[in-house]
There are 2 protein chains.
Amino acid sequence: MSVAVENFVKAVYKNAKRTNDTKPGIIAKELGISNAAATDMAKKLAVKDLLHYEKYQELKLTVKGNQMALNVIRKHRLWESLLFKMFDMSLHDIHREAELLEHQTSDLLANKISEYLGNPKFDPHGDPIPDKNGIITTTDTSFTLSKANEGKTYIISRLMSDDKEFFDFCAQHGLKYGNTITVSKQFIKNKMTQIVVNNNTILLNEDFSTIIYVNENESKNVQH
Amino acid sequence: MSVAVENFVKAVYKNAKRTNDTKPGIIAKELGISNAAATDMAKKLAVKDLLHYEKYQELKLTVKGNQMALNVIRKHRLWESLLFKMFDMSLHDIHREAELLEHQTSDLLANKISEYLGNPKFDPHGDPIPDKNGIITTTDTSFTLSKANEGKTYIISRLMSDDKEFFDFCAQHGLKYGNTITVSKQFIKNKMTQIVVNNNTILLNEDFSTIIYVNENESKNVQH
DNA sequence: AACTATTTTTAAGTATACTTAAAAATTTAT
DNA sequence: ATAAATTTTTAAGTATACTTAAAAATAGTT
């Protein structure tokens with residue numbers, strides 16, 4: 001299946017995880033194409049039995065479409081894990097490379113990469129990696145920094161973003177998957193979170209505190 | 001530049017290395033497209049200043065086209081080197097993966113891979129890897145097995161093929177880049193070469209003895 | 001409930017990378 | 001040297017994945 005198809009299916013999958021209003025417009029915005037193109041593609045994918053399409057209704061992946069999305073996501077996250085482990089590159093660069101490589105990777109190679117890495121369950125962003133059957137076994141106990149408690153210490157479990165500026169900020173301040181941070185203050189009214197990382201105090205606004213996910217220090221979720 | 005363009009330029013480059021009759025037909029055969037499509041593409045690439053095109057004449061890459069070809073070949077051979085090192089996969093499978101990955105790899109990532117591998121000068125087939133400026137410094141002293149001397153021992157330096165059957169044969173008999181083999185007999189009249197690998201005697205016909213390249217045992221070319 | 005704004009859809013058109021069929025030129029063989 | 005074979009080119013057409021513009025339907029607002 002083509003890159004355009006895989007990306008469309010992936011975008012539908014990801015959107016459906018977040019909202020329950022997955023219509024062509026949102027996907028178009030996500031992929032940077034026109035609404036017309038998205039509607040067009042949706043119709044074509046319905047013919048290929050990748051999603052259910054009815055005029056003006058929500059887009060819903062079929063079982064087949066779901067499998068395809070999970071397979072692409074698996075490859076993306078495996079590539080991120082491999083590149084992160086092997087090379088000194090920014091998470092943002094790694095994400096960009098994985099975005100391309102994910103479409104040109106055989107199942108065989110994906111399995112080899114997974115095996116090499118010890119079949120990891122999370123990528124460097126903390127996102128779960130579906131297994132070869134598309135199954136995500138991990139129960140995610142993490143929550144956003146904005147909901148963390150003052151005075152407590154946490155472990156970063158996800159950096160949920162594609163934004164270069166965010167990753168640059170993270171890299172600069174030691175905000176990295178697996179690292180330990182302490183929440184020194186929650187400014188509820190102003191929606192800011194103050195944290196301590198590597199003995200540096202940083203103030204995060206809502207944009208950032210809601211895309212950084214953490215786990216309790218003693219969490220069972222730290223299996224790598 | 002698109003995958004089709006990169007593959008076309010690469011095919012022209014490779015053909016020009018072998019023959020001096022690089023016309024659309026040969027490229028078409030190489031890429032598995034029609035002659036018409038090859039002529040068409042040649043015209044388009046001329047507009048992009050990637051090759052010189054004149055009706056019925058040979059296709060000749062411009063400096064820009066040459067650079068593009070070398071860049072793609074570099075990425076291909078780096079991927080082959082990396083996959084060969086990391087994973088237990090057949091050379092044929094590795095070749096197929098590299099054929100796809102080569103088009104989706106930034107220069108940055110290519111450099112990272114090269115660095116990680118210690119900037120190798122040869123890939124697992126023994127083919128030279130252009131450096132980041134497209135320069136191939138290696139002087140190749142290797143020759144085909146068909147031209148080797150009876151009784152002498154050699155080191156395999158290139159397996160020049162894309163053919164799965166050939167690679168399966170190689171894998172089965174220990175014919176691998178860097179391995180040592182002895183030529184026990186040359187059947188000049190019948191164009192066969194008898195070799196000894198791992199204490200096994202194998203008879204190779206012309207098809208195989210002309211795509212297996214070797215170096216003298218004491219060669220200076222064994223720099224990895 | 002009706003008007004407005006937004007979204008979705010349809011329709012028509014574009015670029016890329018092919019295809020087949022036939023014409024034109026070149027190459028090969030006698 | 002000329003006919004036959006092959007290759008190259010041109011021409012017309014297709015599928016994919018988009019675009020813009022306008023019509024149709026839905027959603028939001030008062």
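Protein chains get the first letters and strands the later ones, always in sequence-line order, with residue 1 at the start of each.
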Ranking B:Thr22 and A:Val3 by the position along DNA chain D of their nearest nucleotide, the one closer to 5' is B:Thr22

Using only heavy-atom distances, determine whether the side chains of B:Asn215 and B:Ser142 contain a donor-acceptor pair under 3.5 Å. no

For A:Asp21 and C:dT8, give me the distance from atom CG to atom C1', rounded to whole Å. 12 Å

Of the candidates C:dT20, C:dT8, C:dC18, the side chain of A:Thr39 sits closest to C:dT8

Nearest-angstrom distance from the residue atom CE of B:Met1 to P of C:dA15: 17 Å

Atom-pair distance (CD1 on B:Ile26; P on D:dT6), nearest Å: 16 Å

Any donor-acceptor pair under 3.5 Å linking the side-chain atoms of A:Ser146 with those of A:Glu206? no

How many whole angstroms separate atom NZ of A:Lys43 from atom C1' of D:dA17? 15 Å

Does a side-chain N or O of A:Tyr53 approach OP1 or OP2 of C:dT9 to a distance below 4.0 Å, or not? yes

Categorize A:Ala37 for me: base, sugar-phosphate, or nothing, with a 4.0 angstrom heavy-atom threshold over every strand shown. base

Could you pull out every donor-acceptor pair under 3.5 Å between side chains of residues 79-87 of chain A and any protein atom, sequence neighbours left out?
unit_1  : atom_1 : unit_2   : atom_2 : d
A:Trp79 : NE1    : A:Thr105 : OG1    : 2.7
A:Glu80 : OE1    : A:His125 : ND1    : 2.6
A:Glu80 : OE2    : A:His76  : NE2    : 3.0
A:Glu80 : OE2    : A:His95  : ND1    : 3.1
A:Ser81 : OG     : A:Arg77  : O      : 2.7

Would you call the rings of B:Phe169 and B:Phe208 parallel, tilted or perpendicular if under 30° counts as parallel and over 60° as perpendicular? tilted

Look at A:Ser34 and D:dT19 and indicate whether a side-chain polar atom (N or O) is within less than 4.0 Å of OP1 or OP2. yes

Table please: side-chain donor-acceptor pairs of residues 32-57 of chain B below 3.5 Å, with sequence neighbours left out.
unit_1  : atom_1 : unit_2  : atom_2 : d
B:Ser34 : OG     : B:Ala37 : N      : 3.1
B:Thr39 : OG1    : B:Asn35 : O      : 3.2

For A:Glu58 and C:dT8, what is the distance between atoms CD and C1' respectively, to the nearest whole Å? 14 Å

Rounded to the nearest Å, what distance is computed from the CG atom of residue B:Asn35 to the P atom of nucleotide C:dT19? 10 Å

The single option from B:Ile202, B:Val214, B:Ile212, B:Leu203 that satisfies side chain to side chain contact (heavy atoms under 4.5 Å, CB included) with B:Ile195 is B:Ile202

Go through the side-chain N and O atoms of A:Arg74 and A:Asn111 and say whether any donor and acceptor fall under 3.5 Å apart. yes

Can you check nucleotides 22-26 of chain C for protein contacts, nitrogen or oxygen pairs under 3.5 Å, and list what you find?
unit_1 : atom_1 : unit_2  : atom_2 : d
C:dA25 : O4'    : B:Tyr56 : OH     : 3.1

In whole angstrom, give the distance that lies between atom NZ of B:Lys44 and atom C1' of C:dT14. 13 Å

Figure out the CG/P separation between A:Leu59 and C:dT8, and round it to whole Å. 9 Å

Nearest-nucleotide wise, let me know which of A:Ala38 and B:Lys29 is further upstream toward the 5' end of DNA chain D. B:Lys29

